[in-house]
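Here is the structure we will look at, set down as structure tokens.
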Amino acid sequence: MKKIKAFLKKILLAVELVFVIAFVHWDKFLFVGIIALDQFVKAKIISTMVPGESIPVLKNFFHITYVLNPGAAFGILPNQRIFFLTAGGILLILAAYFYPKINKKDNLSKFGAITLVGGATANLIDRVQSGLVVDFFDFRSWPVFNIADVAIVVGMFVMVYVILFKVESERQLGVRSEE
């Protein structure tokens, strides 16, 4: 019985440690989580469907459609692999340089930056592997997209909000950001 209690205590301590690390380093978990979820779903799509195949989820509204996108959003700039690899590499270098400069208490800016860079990294992985990005969310009235694209858009909206509204409201209140 003592061995079982000691074993359960070790498991409880391990779980507690994971939660503490996840709470303290939520941004790193979010970054890795976006990439992992995106790549996992893309791997499932690749292994179970053929390009062009579409599975209706809500007929005439939402389908899972396997598309290989050679360009950026909406298929713009098709077949510009070197450009996208270079831009993605520069984005990662800039993110690594500037992210530590974000105020440690500014979780909204950190969230926006991490979701944007996590999504861009997930799509960059596709571009490195094949030069094509796997897209699959198909709402029929909008170009097909993926989880990474959602993260990029959410990150951009949060960053725009922070830049336009949060900074302005701090300026009006006379609040100075901490360095």
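On a predicted model such as this, the values are computed, not experimentally measured, just so you know. Just so you know, these numbers use all the heavy atoms, side chains as well, and skip hydrogens, waters and symmetry mates. Heads up: numbering here begins at 1 and tracks the sequence.
- In this structure, CZ in Phe111 is found 11.0 Å from CG in Leu116, a value given to the nearest 0.5 Å.
- Partners of Ser130 according to the side chain to side chain donor-acceptor pair (under 3.5 Å) rule, which considers only residues two or more places apart in sequence or in another chain, do not exist here.
- No continuous path of hydrophobic side-chain contacts links Val153 to Ile147 [ILVMFWY only; heavy atoms under 4.5 Å].
- Annotation: ring-ring contact (aromatic ring centres under 6.0 Å, His included) contacts of Phe62 (sequence neighbours excluded): Phe139.
- Smallest separation of non-hydrogen atoms from Ala148 and Asp38: N-OD1, 2.9 Å.
- Atom OG1 of Thr86 sits about 11.0 Å away from atom CZ of Phe84, to the nearest 0.5 Å.
- Applying the side chain to side chain donor-acceptor pair (under 3.5 Å) criterion to Asn146, with sequence neighbours excluded, gives Asn123, Asp135.
- Linking Ile, Leu, Val, Met, Phe, Trp and Tyr residues whenever their side-chain heavy atoms come within less than 4.5 Å places Trp142 and Phe61 in a single cluster.
- Asn69 has its side chain out of reach of Leu132: every pair of non-hydrogen atoms, C-beta onward, lies at least 4.5 Å apart.
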**Request:** Apply side-chain contact (heavy atoms from CB on, under 4.5 Å) to Phe165 and Val160, showing your working.
**Result:** CA-CA 8 Å; Phe165 299 107; Val160 167; over 6 Å; no
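- Note on Leu37 and Val134: same hydrophobic cluster, where clusters join Ile, Leu, Val, Met, Phe, Trp and Tyr whose side-chain heavy atoms are under 4.5 Å apart, directly or indirectly.
- Residues passing the ring-ring contact (aromatic ring centres under 6.0 Å, His included) test with Phe137, sequence neighbours excluded: Phe145.
- Using a distance-only test at 3.5 Å, with no hydrogens or angles considered, a donor-acceptor pair links the side chain of Glu53 to the main chain of Val50.
- Grouped with Tyr97 in one hydrophobic cluster are Ile90, Leu94, Phe98, the linkage being side-chain heavy-atom contacts under 4.5 Å among Ile, Leu, Val, Met, Phe, Trp and Tyr residues.
- The shortest distance between side-chain heavy atoms of Val117 and Tyr99 does not fall below 4.5 Å.
- Looking at Asn107 and Trp26, their side chains come closer than 4.5 Å, going by heavy atoms from C-beta outward.
- Nearest heavy atoms, Leu91 versus Ala120: CD2-CB, 3.3 Å.
- When the side chains of ILVMFWY residues are joined at heavy-atom separations under 4.5 Å, either directly or via intervening members, Phe157 and Val162 end up in two distinct hydrophobic clusters.
- Taking the side chain as every heavy atom from C-beta outward, Lys42 and Ile125 never approach each other to under 4.5 Å.
- Residues Thr65 and Arg140 meet the side-chain proximity criterion, which asks for heavy atoms closer than 4.5 Å.
- Counting only distance, with no hydrogens or angles, the side chain of Gln39 and the backbone of Ala122 share a donor-acceptor pair below 3.5 Å.
- Separation of atoms CD1 (Ile34) and CD1 (Ile152) is listed at 9.5 Å; rounding is to 0.5 Å.
- Within the structure, side-chain hydrogen bond (donor to acceptor under 3.5 Å, both in side chains) contacts touching residues 108-118 (residues at least two apart or in different chains) are Asp106-Ser109.
- In the hydrophobic clustering of ILVMFWY residues, with side-chain heavy atoms under 4.5 Å counting as a link, Ile35 and Leu124 come out together.
- The shortest distance between side-chain heavy atoms of Asp138 and Ile64 does not fall below 4.5 Å.
- Contact annotation: the side chain of Thr48 never approaches that of Tyr66 to less than 4.5 Å [non-hydrogen atoms, C-beta and beyond].
- Residues His63 and Ile55 fail the side-chain proximity criterion, which asks for heavy atoms closer than 4.5 Å.
- Arg81 contributes a side-chain N or O that, together with a main-chain N or O of Arg127, makes up a donor-acceptor pair within less than 3.5 Å.
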**Asked** Would Val158 and Leu108 count as a side-chain contact (heavy atoms from CB on, under 4.5 Å) if you check the C-alpha gap in whole Å, the side-chain angles of each, and the deciding distance to 0.1 Å?
**Response** CA-CA 7 Å; Val158 170; Leu108 193 58; 3.8 Å; yes
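- Nearest heavy atoms, Ala151 versus Gly119: CB-CA, 4.0 Å.
- Separation of atoms CG (Asp27) and CD1 (Ile114) is listed at 5.0 Å; rounding is to 0.5 Å.
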